J.: 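Have a look at the structure that comes next, please.
All ligand and atom numbering here is 1-based and tracks the order in the structure. In this chain, numbering begins with 1 at the start of the sequence shown. Note that the structure is predicted; figures quoted are calculated from it, not measured.
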Amino acid sequence: MAAKIIDGKQIAAQMREELKAEVAALAKKGIVPGLGVILVGDDPASKSYVTAKQKACQETGMFALDNRMPEKTSQKELLDAIDKMNKDRRIHGILVQLPLPKHIEEPDVLLAIDPAKDIDGFHPVNVGKMVTGQKAFLPCTPHGVIQLLIRCGVKIEGAEVVIVGRSNIVGKPLANILIQKSPLGNATVTVCHTRTKNLAEHTRRADIVIAAAGSPNTITADMIKAGAVVIDVGVNRVDDPSKKAGYRLVGDVDFERVKEKASLITPVPGGVGPMTITMLLYNTVESAKCAAGLSK
Ligand code: NAP
């Protein structure tokens with residue numbers, strides 16, 4: 001039987017409605033969650049991500065502050081801009097759009113963000129808290145994946161989860177959240193990468209396969225067991241002359257064939273993608289509540 005397709009757009013829209021209601025309730029207490037975004041350079045993809053984040057912010061009733069800096073911005077100028085947002089009481093979450101120009105040291109930039117405003121969850125303080133099971137901002141894409149699973153009624157506790165990919169922004173944090181003794185975790189997790197000896201041997205045992213490799217067709221139908229849940233984080237461009245842009249977006253999973261074998265599957269686009277910005281808004285609201293003493 002063909003898999004049920006997980007509608008990430010619909011789940012994200014529902015979460016945004018919930019956030020909108022929460023933001024409206026906070027407004028009555030005089031609290032307006034604020035997101036500060038810094039973009040360095042003219043990368044078109046980064047520009048469109050930043051614009052989408054700000055639009056989402058405003059639609060939810062939050063305050064958004066935009067600082068677009070030229071490509072030649074020095075590291076010192078960027079650190080100063082971050083410091084200004086660290087001190088700005090209207091801002092509860094700071095996002096520095098990655099990647100940064102090559103002359104800027106990314107680790108130094110991530111360290112400069114006040115951990116209390118690090119809504120991307122990339123600051124080592126938040127990473128350390130996440131790993132040790134303390135309350136922390138969870139990185140948005142991994143947290144979005146987990147919300148999709150929970151909201152689709154997938155049982156994470158006790159599940160055998162195989163993650164393909166070990167990046168700092170997707171694979172590693174996902175694994176860390178899923179092994180925690182918490183309602184988001186209690187899974188048994190295997191993390192695979194390019195040095196994994198027999199990838200299919202691992203993925204075939206999994207109740208939940210999460211693909212975050214960045215390469216089309218990394219997961220094919222013979223690599224999953226019947227009835228598995230398949231989450232595709234990958235976003236890859238493949239040539240498609242029939243499209244105006246000359247390309248289309250696909251994930252890491254051979255969607256058409258795998259959907260015939262899985263029980264639940266995310267499409268690309270329209271699966272994990274819409275959840276990422278939603279979780280950014282979620283973290284900003286959480287941060288505003290913390291700053292107001294409404295949550296720890
Ligand atoms: P990344 O930093 O390039 O990491 C890819 C990981 O996958 C690496 O650990 C790599 O192993 C592993 N890998 C690559 N090919 C593999 C293969 N054939 N078999 C096993 N492992 C393989 O990528 P990322 O930043 O995590 O992103 C992954 C994908 O998710 C990309 O397509 C990206 O665009 C997408 N993404 C989507 C969202 C969203 O919001 N939807 C957000 C973030 C990322 P090694 O470590 O051994 O090299």
J.: Show me which atoms of ligand 1 lie under 4.0 Å from any heavy atom of Gly165.
T.: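 Counting from 1, the qualifying ligand atoms are 6 (C), 7 (O), 9 (O), 12 (C).
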J.: Atoms of ligand 1 less than 4.0 Å from His193 heavy atoms?
T.: 11 (O), 20 (C), 21 (N), 47 (O)
J.: Running the 4.5 Å side-chain criterion over Ile, Leu, Val, Met, Phe, Trp and Tyr, what cluster does Val250 land in, apart from itself?
T.: Val238
J.: Please give me the minimum heavy-atom distance between Asp108 and Leu79, naming the atom from each residue.
T.: O-CD2, 4.0 Å
J.: Could you list the atoms of ligand 1 found under 4.0 angstrom from a heavy atom of Val170?
T.: 26 (O), 43 (C), 44 (C)
J.: Looking at Arg257 and Glu260, is any side-chain nitrogen of the basic one under 4.0 Å from a carboxylate oxygen of the acidic one?
T.: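 No, no charged N to carboxylate O under 4.0 Å.
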J.: Between ligand 1 and Thr218, is the shortest N or O to N or O distance under 3.5 Å?
T.: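 No; every N/O pair is 3.5 Å or more apart.
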J.: Side chain or backbone, does Arg195 bring an N or O within less than 3.5 Å of an N or O on ligand 1?
T.: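 In fact, backbone or side chain, Arg195 has no N or O that close.
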J.: Specify the closest pair of heavy atoms between His92 and Thr284, including all atoms of both residues, with the distance to one decimal.
T.: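 The pair with the smallest heavy-atom distance is CB-O, 4.0 Å.
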J.: Tell me whether Asp83 is salt-bridged to Lys87, with the criterion being a basic N under 4.0 Å from an acidic carboxylate O.
T.: yes
J.: Any idea which part of Ala213 is under 4.0 Å from ligand 1, heavy-atom wise: side chain, backbone, both or neither?
T.: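 The part of Ala213 near ligand 1 is both the backbone and the side chain.
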J.: Is the terminal nitrogen or CZ of Arg237 (NZ for Lys, CZ for Arg) located under 6.0 angstrom from the six-membered ring centre of Tyr247 and within 45° of that ring's axis?
T.: yes
J.: Going by an N to O cut-off under 4.0 Å, is there a salt bridge joining Glu22 and Lys29?
T.: no
J.: Under a 4.0 angstrom heavy-atom cut-off, which atoms of ligand 1 come close to Asn236?
T.: 32 (O)
J.: With heavy atoms only and a cut-off of under 4.0 Å, state how Val233 meets ligand 1: side chain, backbone, both or neither.
T.: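 The part of Val233 near ligand 1 is both the backbone and the side chain.
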J.: My understanding is that we take every heavy atom of each candidate and find the minimum distance to atom 41 (N) of ligand 1. Doing that for Gly251, Gly273, Gly214, Pro173, which one comes out nearest?
T.: Gly273
J.: State if Ser215 counts as touching ligand 1 under the rule of any non-hydrogen atom under 4.0 Å.
T.: no
J.: Give the residue, atom name and distance (to 0.1 Å) of the protein heavy atom nearest atom 19 (N) of ligand 1.
T.: Leu199 CD2, 3.8 Å
J.: If you have a sec, work out which protein heavy atom is nearest atom 39 (C) of ligand 1 and how many Å separate them, to one decimal?
T.: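 The closest heavy atom on the protein side is Thr276 OG1, 3.7 Å.
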J.: Quick one: do Asp88 and Arg90 make a salt bridge, cutoff under 4.0 Å?
T.: yes
J.: N/O of Ile169 under 3.5 Å from N/O of ligand 1, yes or no?
T.: no
J.: In the protein, which heavy atom is nearest to atom 47 (O) of ligand 1, and how far is it?
T.: Thr194 OG1, 2.5 Å
J.: Quick one: look at Thr141 and ligand 1, take heavy-atom pairs under 4.0 Å, and tell me if it's side chain, backbone, both or neither.
T.: side chain
J.: Can a salt bridge be assigned to the pair Arg204 and Glu201 using a cut-off of 4.0 Å between side-chain N and carboxylate O?
T.: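 Looking at Glu201 together with Arg204, the answer is no, because their closest N to O distance does not fall below 4.0 Å.
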J.: Which atoms of ligand 1 are found less than 4.0 Å from any heavy atom of Ala212?
T.: 5 (C), 6 (C), 7 (O), 28 (C)
J.: I need the nearest protein heavy-atom contact for atom 1 (P) of ligand 1: residue, atom name and distance, please.
T.: Ser167 CB, 4.1 Å
J.: CD1/Ile177 to NZ/Lys172 distance, rounded to the nearest 0.5 angstrom?
T.: 14.0 Å
J.: Do the side chains of Lys20 and Glu59 get close enough for a salt bridge, i.e. N-O under 4.0 angstrom?
T.: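 Salt bridge flag = no for Glu59 with Lys20.
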J.: Among all protein heavy atoms, pick the one closest to atom 34 (O) of ligand 1 and tell me residue, atom and distance.
T.: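 Sorting protein heavy atoms by distance from atom 34 (O) of ligand 1 puts Val235 O, 3.5 Å first.
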J.: Any nitrogen or oxygen of Arg166 lying under 3.5 Å from a nitrogen or oxygen in ligand 1? Just yes or no.
T.: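 So ligand 1 has an N or O lying under 3.5 Å from an N or O of Arg166.
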J.: I'd like to check atom 3 (O) of ligand 1 in this structure: does the protein have a heavy atom lying under 4.0 Å from it?
T.: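 No, there is no protein heavy atom closer to it than 4.0 Å.
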J.: Do any N/O atoms on Asp252 end up under 3.5 angstrom from N/O atoms on ligand 1?
T.: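 No, since none of the N or O atoms of Asp252 sits under 3.5 Å from an N or O of ligand 1.
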J.: Under a 4.0 angstrom heavy-atom cut-off, which atoms of ligand 1 come close to Val164?
T.: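 Those of ligand 1 that fall under 4.0 Å from Val164 are 20 (C), 21 (N).
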J.: So among Leu178, Leu149, Val145, which one has a side-chain contact (heavy atoms from CB on, under 4.5 Å) with Ile208?
T.: Leu149
J.: Taking Lys135 first and then Glu286, would you say they form a salt bridge - that is, a charged N and a carboxylate O separated by under 4.0 Å?
T.: yes
